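Taking it in order: structure first as structure tokens, then the write-up.
Positions are given from 1 along the sequence. The figures here come from the full heavy-atom set of this structure, side chains too, leaving out hydrogens, waters and symmetry mates. Owing to the predicted nature of the structure, the values given are computational and were not obtained by experimental measurement.
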Amino acid sequence: MKGKKIGVNNYAGNFDLYLRYMLSKHGLNPKKDTAILEMPIPAVIKSLLAKDRPLAKAFIAGYLEAIKETKRDLESTLADWSAFADIGLIKRSPTLPYLLDDGKIDLELLKTDMGLLQQFGYVKAIPRLEDIIDHSLIDEVLAGR
């Protein structure tokens, strides 16, 4: 990984933090040995869709398979996550939070989050999420098209 550019969906998010942790754990300095670039997931997917829809569908198929495999042995998955994060409470969770079987974004939960953003002044208005969240690619993969 030394000398490589690595994309994360946002700085200081889970992907960024655990990437930096893993790089450090394996003797690399994330600030000097790599270039970590912020690449929001919507921008990556939009770019991928514009260039290669079959590849995007293969990515989504892999994502859905990972969800299925992760939930196949939930107890083991939660134990592994708990051990890695060093948070014992995780292994007692009844489910994986925020991860729906069909891979879609939970619009009701997102509406709740958006309501909190509005309540505390981070946004003035809540957009109609159905207008900005596009599940069509996942729908195509789930339908076998």
Side-chain angles (χ1 to χ4, degrees), residues 1-53 55-139 141-142:
M1 300 299 298
K2 192 169 188 166
K4 300 290 183 182
K5 293 179 183 178
I6 306 167
V8 295
N9 65 321
N10 64 322
Y11 293 123
N14 286 346
F15 294 133
D16 183 35
L17 294 174
Y18 283 103
L19 169 65
R20 291 171 193 275
Y21 168 79
M22 293 304 290
L23 291 170
S24 297
K25 183 178 177 178
H26 293 282
L28 295 173
N29 181 330
K31 291 182 179 179
K32 295 179 182 177
D33 295 330
T34 63
I36 299 175
L37 309 172
E38 184 178 34
M39 297 187 67
I41 290 174
V44 173
I45 297 296
K46 186 175 181 181
S47 173
L48 183 57
L49 283 174
K51 293 179 182 174
D52 193 341
R53 192 164 185 90
L55 180 60
K57 287 170 67 173
F59 173 83
I60 293 296
Y63 168 67
L64 292 171
E65 185 60 32
I67 291 172
K68 181 178 161 186
E69 193 58 31
T70 296
K71 290 187 171 190
R72 181 186 59 76
D73 186 357
L74 185 59
E75 187 176 318
S76 176
T77 297
L78 292 170
D80 289 347
W81 181 15
S82 177
F84 178 78
D86 196 23
I87 302 172
L89 184 62
I90 292 172
K91 62 181 161 180
R92 292 192 300 269
S93 176
T95 185
L96 286 171
Y98 314 115
L99 192 56
L100 302 178
D101 291 343
D102 63 6
K104 294 181 179 181
I105 294 170
D106 184 337
L107 295 180
E108 290 306 311
L109 181 60
L110 190 54
K111 285 177 186 175
T112 299
D113 291 348
M114 292 298 291
L116 291 172
L117 288 170
Q118 185 180 37
Q119 177 182 344
F120 296 111
Y122 291 100
V123 297
K124 292 183 183 198
I126 300 173
R128 244 179 57 85
L129 298 179
E130 294 82 359
D131 293 338
I132 60 172
I133 304 295
D134 181 1
H135 288 138
S136 64
L137 187 64
I138 290 177
D139 289 337
V141 173
L142 290 170

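- With a 4.5 Å cut-off on side-chain heavy atoms, Ile6 and Leu23 count as touching.
- Note that CG of Leu100 and CD1 of Ile67 are 8.0 Å apart. Values are rounded to the nearest 0.5 Å.
- Taking both residues in full, the closest heavy atoms of Ser82 and Gly88 are given as OG-CA, 3.4 Å, listed atom of the first, atom of the second, then distance.
- A pairwise comparison of heavy atoms in Ala85 and Ile90 identifies CB-CD1, 4.1 Å as the closest pair.
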- Task: Show your reasoning for whether side chain to side chain contact (heavy atoms under 4.5 Å, CB included) applies to Met114 and Gln118.
- Result: CA-CA 6 Å; Met114 292 298 291; Gln118 185 180 37; over 6 Å; no

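- Between Trp81 atom CH2 and Leu74 atom CG the span is 10.0 Å, to the nearest 0.5 Å.
- A 6.0 Å sphere centred on CG of Asp131 holds more than 12 heavy atoms belonging to other residues, nucleotides or ligands.
- When side chains are defined from C-beta on, Thr77 does not count as touching Arg72, because their heavy atoms never get closer than 4.5 Å.
- In this structure, CG on Leu78 lies 9.5 Å from CG on Asp73, to the nearest 0.5 angstrom.
- Between His135 and Ile105 there is a side-chain heavy-atom pair separated by less than 4.5 Å.
- Of all heavy-atom pairs spanning Leu64 and Asp102, the tightest one is CD2-O, 3.3 Å.
- Side chain of Lys71 to main chain of Leu99: a donor-acceptor pair is present (N/O by atom type, distance under 3.5 Å, no hydrogens or angles).
- With Tyr11 contributing its side chain and Ile36 its backbone, the two residues share a donor-acceptor pair below 3.5 Å.
- With a 6.0 Å radius and a threshold of 12 heavy atoms from other residues, nucleotides or ligands, Lys68 has its NZ atom at or below the threshold.
- For the atom pair OG1 of Thr70 and CD of Glu65, the computed distance is 9.5 Å after rounding to the nearest 0.5 Å.
- Between Phe84 and Tyr18, the two ring planes are tilted [angle within 30° to 60°].
- Asn9 contributes atom CG, which lies 8.5 Å from atom CG of Asp16 (distance to the nearest 0.5 angstrom).
- In this structure, Thr95 OG1 and Asp101 CG are separated by 8.0 Å, a value rounded to the nearest 0.5 Å.
- With hydrogens and angles ignored, the 3.5 Å screen pairs a side-chain donor or acceptor of Thr112 with a backbone N or O of Glu108.
- Within 6.0 Å of NZ on Lys91 lie no more than 12 heavy atoms contributed by other residues, nucleotides or ligands.
- Ring pair Tyr63/Phe59 is parallel by interplanar angle, where below 30° counts as parallel and above 60° as perpendicular.
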- Under the side chain to side chain contact (heavy atoms under 4.5 Å, CB included) rule, what do Asp139 and Lys104 come out as? Steps first, then yes or no, please. CA-CA 9 Å; Asp139 289 337; Lys104 294 181 179 181; 2.6 Å; yes

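- Listed for the Thr34 side chain is no donor-acceptor partner under 3.5 Å among the backbone atoms of Lys2.
- In Gln119, the CD atom is crowded: over 12 heavy atoms of neighbouring residues, nucleotides or ligands sit closer than 6.0 Å.
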